[in-house]
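Encoded as structure tokens, the structure appears first; notes follow it.
Owing to the predicted nature of the structure, the values given are computational and were not obtained by experimental measurement.
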Amino acid sequence: MGAMAALGRGLAGAASAVLGGGRRGAAAVCSAFIQPARCYARPVRRKIRDIPSHLDDLPPTMMKKEYANVPIINSVDDVVKRLLSLEMASQKEKMKIKTQQLVEKVRRSPDDNGSFEVQTAILTAKIRTYEEHLQRHPKDKSNRRLMLMAMDRRKKLLAYLRRVRYDAFENTCKQLNIQYALPPAYSRRVTKRWVVKKAFCIKVFQEARKLKAPERLKKRREWQAKARAAKEKQAQSEGTAV
């Protein structure tokens with residue numbers, strides 16, 4: 001009722017302003033219609049996208065890493081179990097379990113905690129978490145930088161495994177679902193400046209060899225003379241021995 005009364009008063013004011021005529025009357029008409037409409041304005045909210053996470057495959061009934069191997073955990077109440085399960089866990093605690101699962105797939109032995117395969121698994125879990133975070137917050141440059149650093153480190157580890165232990169490299173890529181792309185061959189765009197610089201460097205190298213040629217010739221003759229003297233001395237020693 002209050003809004004309708006305000007609208008009626010606005011229309012009455014607009015009519016009187018129009019009857020008064022002039023530019024002032026037109027401005028009064030606009031303000032009369034805008035004023036009631038402001039009460040009904042609503043902010044436009046973006047619809048949040050449902051981004052899939054690599055932590056979705058963890059069952060909510062699984063216990064946290066700290067309480068998974070506790071013997072008394074099976075005899076506690078259901079409410080306590082729910083509080084200690086992944087349903088009430090933070091993302092950091094879920095990340096610990098996910099990282100442990102990836103490490104178990106590629107480790108060489110039960111005591112292996114620092115091999116190249118284990119490091120690759122840990123970096124893979126971090127990279128996938130960074131990717132999900134950047135899909136929600138694309139302007140977060142700090143985490144983007146950390147993700148690129150982790151990707152570069154993982155690329156170096158995989159390149160080493162591919163060069164040294166190819167079977168371990170294949171197994172790591174298969175178990176962690178990593179699509180490894182070969183690095184491109186080095187190629188440099190030929191420019192006029194680069195051609196001139198290369199020709200100048202070759203010319204400088206040739207001139208330096210010409211300047212050092214007499215010294216090299218002198219050393220070579222000295223070596224030849226020493227070798228000839230050693231050969232003659234060896235022949236003389238063999239002749240006296242006979």
**OP:** Under the side chain to side chain donor-acceptor pair (under 3.5 Å) rule, collect the residues that match up with Asn143, sequence neighbours excluded.
**Re:** His133, Asp140

**OP:** Could you list the residues that satisfy side chain to side chain donor-acceptor pair (under 3.5 Å) with Thr124, not counting sequence neighbours?
**Re:** Arg154

**OP:** Show your working on side-chain contact (heavy atoms from CB on, under 4.5 Å) between Thr129 and Met147 and close with a plain yes or no.
**Re:** CA-CA 9 Å; Thr129 305; Met147 183 188 71; over 6 Å; no

Original post:
How many angstroms lie between CG in Leu146 and CG in Leu148, if you round to the nearest 0.5 Å?
Top reply: 9.0 Å

**OP:** Output all residues satisfying salt bridge (Lys or Arg N to Asp or Glu O under 4.0 Å) with Lys98, sequence neighbours left out; order by chain, then residue number.
**Re:** Asp57

Original post:
Taking atom types as modelled, is there a side-chain donor on Gln100 or Glu104 under 3.5 Å from an acceptor on the other?
Top reply: yes

Subject >> Transitive ILVMFWY side-chain link Tyr180 to Leu176, under 4.5 Å >> reply: yes

Original post:
When rounded to the nearest 0.5 angstrom, what distance separates CD1 in Ile127 from CE in Met151?
Top reply: 6.0 Å

Subject >> Those residues that, when tested against Glu132, pass salt bridge (Lys or Arg N to Asp or Glu O under 4.0 Å) (two or more places apart) >> reply: none

Original post:
Would you say Arg216 has more than 12 foreign heavy atoms packed within less than 6.0 Å of its CZ?
Top reply: yes

Anything under 3.5 Å between a donor and an acceptor, one on a side chain of residues 189-213, the other on a protein residue two or more places apart or in another chain? List them.
| residue | atom | partner | partner atom | Å |
| --- | --- | --- | --- | --- |
| Thr191 | OG1 | Trp194 | N | 3.3 |

**OP:** Mind checking side-chain contact (heavy atoms from CB on, under 4.5 Å) for Lys219 and listing every partner two or more places apart, or none if nothing turns up?
**Re:** Glu215, Trp223

Subject >> Donor-acceptor contact present, side-chain Gln119 to main-chain Gly114, <3.5 Å >> reply: yes

Original post:
Looking at residues at least two apart in the chain, or sitting in another chain, which of them share a salt bridge (Lys or Arg N to Asp or Glu O under 4.0 Å) with Arg153?
Top reply: none

Original post:
How many angstroms lie between CG in Leu102 and CG in Leu123, if you round to the nearest 0.5 Å?
Top reply: 11.5 Å

Subject >> Arg108, CZ: over 12 other non-hydrogen atoms inside 6.0 angstrom >> reply: yes

Subject >> side chain to side chain donor-acceptor pair (under 3.5 Å) partners of Arg128, counting only residues at least two apart >> reply: none

Subject >> Heavy-atom pair with the smallest gap, counting every atom of Gln234 and Ser237 >> reply: O-OG, 2.7 Å

Considering only distance and modelled atom types, tabulate donor-acceptor pairs under 3.5 Å from the side chains of residues 155-172, sequence neighbours left out.
| residue | atom | partner | partner atom | Å |
| --- | --- | --- | --- | --- |
| Arg165 | NH1 | Glu117 | OE2 | 3.4 |
| Thr172 | OG1 | Ala168 | O | 2.7 |

Original post:
Under the 4.5 Å side-chain heavy-atom rule for ILVMFWY, direct or indirect, which residues accompany Ile122?
Top reply: Val103, Val118

Original post:
Which atoms form the tightest heavy-atom contact between Thr120 and Phe116, and what is the distance?
Top reply: OG1-O, 2.7 Å

